[in-house]
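Here's the structure we're looking at; comments come further down.
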Amino acid sequence: QLQPMESGGGTVQAGDSLTLSCTLSGLSFAGYAMGWFRQRPGKEREAVSCIGTNGVDAYYEDSVKGRFTISRDNAKKILYLRMESLRPEDTGMYYCATPTPMVVQRNTCQYGAINSWGQGTQVTVSS
């Protein structure tokens, strides 16, 4: 697993947009499927969006479909999450990770244990 460093969070109003970035150190970035996870207050950490190694296969959690877009830049070794039409319920700490194995399809993101988490980036959406 690559060591992640997330950035781009902030405090915004409902309806605003943010773009999260995740820099992943280490080799073979292009060979990893990866994902964005979030931990909302009082809830367990969950997968928000995942992207396959081809940059095309992508999964979105139901509540973010149509609002969030995941993408990757293999040359820069950066994973992005564009978040639009933000809602108060999107508030939480966002993390990226590269668990292995990780299988990404349109309706599912299955992954193994995640042993290395970054510090995360906080997203706070006020109503």
Side-chain angles (χ1 to χ4, degrees):
Q1 298 179 1
L2 304 179
Q3 184 63 37
M5 181 173 295
E6 304 89 346
S7 62
T11 299
V12 297
Q13 302 256 336
D16 285 350
S17 301
L18 283 173
T19 298
L20 306 184
S21 299
C22 176
T23 301
L24 290 141
S25 63
L27 301 176
S28 303
F29 177 93
Y32 284 87
M34 49 193 66
W36 284 98
F37 301 77
R38 72 181 172 191
Q39 186 157 22
R40 294 182 283 182
K43 298 190 177 183
E44 294 188 355
R45 191 146 35 189
E46 60 182 345
V48 174
S49 181
C50 308
I51 189 167
T53 55
N54 61 9
V56 175
D57 295 327
Y59 160 84
Y60 296 95
E61 191 271 329
D62 284 346
S63 70
V64 308
K65 284 180 181 177
R67 301 189 298 121
F68 290 12
T69 304
I70 192 171
S71 62
R72 59 191 295 163
D73 187 327
N74 288 346
K76 295 181 179 178
K77 297 186 179 181
I78 300 176
L79 176 70
Y80 298 101
L81 185 68
R82 174 67 176 171
M83 305 188 295
E84 299 178 340
S85 302
L86 282 161
R87 304 168 180 170
E89 55 264 40
D90 294 320
T91 294
M93 187 70 80
Y94 285 71
Y95 305 85
C96 66
T98 57
T100 53
M102 189 177 208
V103 178
V104 181
Q105 295 176 332
R106 181 177 176 182
N107 296 317
T108 184
C109 176
Q110 298 177 325
Y111 49 92
I114 299 174
N115 300 316
S116 178
W117 293 100
Q119 83 285 354
T121 186
Q122 176 68 37
V123 173
T124 302
V125 185
S126 59
S127 57

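FYI, side chains are in, hydrogens and waters are out, and symmetry mates aren't considered; it's all heavy atoms of this structure. Here the structure is a predicted model, which means the values were calculated and not measured.
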Notebook entry, point to check: What's the spacing between Gln39 CD and Glu44 CD if we round to 0.5 Å?
Noted result: 8.0 Å
Next item on the list: Enter the distance from Tyr60:OH to Arg106:CZ here, rounded to the nearest 0.5 Å.
Entry: 11.5 Å
Notebook entry, point to check: Got a second to check how far Glu84's CD is from Asp16's CG, nearest 0.5 Å?
Noted result: 11.0 Å
Note to self: So which atom in Ser49 and which in Leu81 form the shortest heavy-atom distance, rounded to 0.1 Å?
What the structure shows: CB-CD1, 4.1 Å
Notebook entry, point to check: Taking a hydrophobic cluster as the set of Ile, Leu, Val, Met, Phe, Trp and Tyr residues connected by side-chain heavy atoms closer than 4.5 Å, whether directly or through intermediates, do Val48 and Tyr32 fall within one such cluster?
Noted result: yes
Note to self: Using the salt bridge (Lys or Arg N to Asp or Glu O under 4.0 Å) criterion, which residues pair with Arg72? Sequence neighbours excluded.
What the structure shows: none
Check: According to a 4.5 Å side-chain heavy-atom criterion applied to Ile, Leu, Val, Met, Phe, Trp and Tyr, with indirect links allowed, do Met5 and Ile70 form part of one hydrophobic cluster?
Finding: no
Item checked: Heavy-atom check, side chain of Asp90 versus side chain of Arg67, under 4.5 Å -> yes
Checklist line | Nearest-0.5 Å distance that lies between atom OG1 in Thr23 and atom NZ in Lys76 | finding: 10.5 Å
Check: Is a side-chain N or O of Thr53 found less than 3.5 angstrom from the main chain of Gly31, in a donor-acceptor match?
Finding: no
Next item on the list: Search all heavy atoms of Gly118 against all heavy atoms of Pro4 and return the closest pair with its distance.
Entry: N-CG, 3.5 Å
Notebook entry, point to check: Does the side chain of Leu20 come within less than 4.5 Å of Glu6's, by heavy atoms?
Noted result: no
Item checked: Shortest non-hydrogen contact between Pro88 and Ser127, atoms and distance -> CG-CB, 3.8 Å
Check: Any side-chain heavy atom of Phe37 sitting closer than 4.5 Å to one from Ile114?
Finding: yes
Next item on the list: Just do the side chain to side chain contact (heavy atoms under 4.5 Å, CB included) check on Val64 and Arg38 with the steps written out, would you?
Entry: CA-CA 12 Å; Val64 308; Arg38 72 181 172 191; 4.0 Å; yes
Check: When the aromatic ring centroids of Tyr111 and Tyr59 are compared, is their separation below 6.0 Å?
Finding: no
Checklist line | Nearest heavy atoms of Leu79 and Cys96, plus distance in Å | finding: CD2-CB, 3.9 Å
Next item on the list: Would you kindly confirm whether Tyr94 and Leu24 end up in one hydrophobic cluster when ILVMFWY residues are joined by side chain heavy atoms under 4.5 Å apart?
Entry: yes
Next item on the list: For Met102 and Cys50, work out which heavy atoms get closest and say how close.
Entry: CE-SG, 3.4 Å
Check: Just how far is it from atom OH of Tyr80 to atom OG1 of Thr19, taken to the nearest 0.5 Å?
Finding: 9.5 Å
Next item on the list: Calculate, to the nearest 0.5 Å, the distance between atoms CG and OG1 belonging to Asp57 and Thr108 respectively.
Entry: 12.0 Å
Margin query: Could you check whether Trp36 and Phe68 have their ring centres less than 6.0 Å apart?
Written below: no
Check: Any idea which heavy atoms bring Leu18 and Gly10 closest together, and the distance?
Finding: CD1-N, 4.0 Å
Item checked: Results of salt bridge (Lys or Arg N to Asp or Glu O under 4.0 Å) for Lys65 - residues two or more places apart only -> Asp62
Notebook entry, point to check: Mind checking whether Met93 and Trp117 sit in one hydrophobic cluster, side chains of I, L, V, M, F, W, Y counted as touching below 4.5 Å?
Noted result: yes
Next item on the list: Give me the one residue out of Glu46, Glu61, Glu89 that meets salt bridge (Lys or Arg N to Asp or Glu O under 4.0 Å) with Arg40.
Entry: Glu46
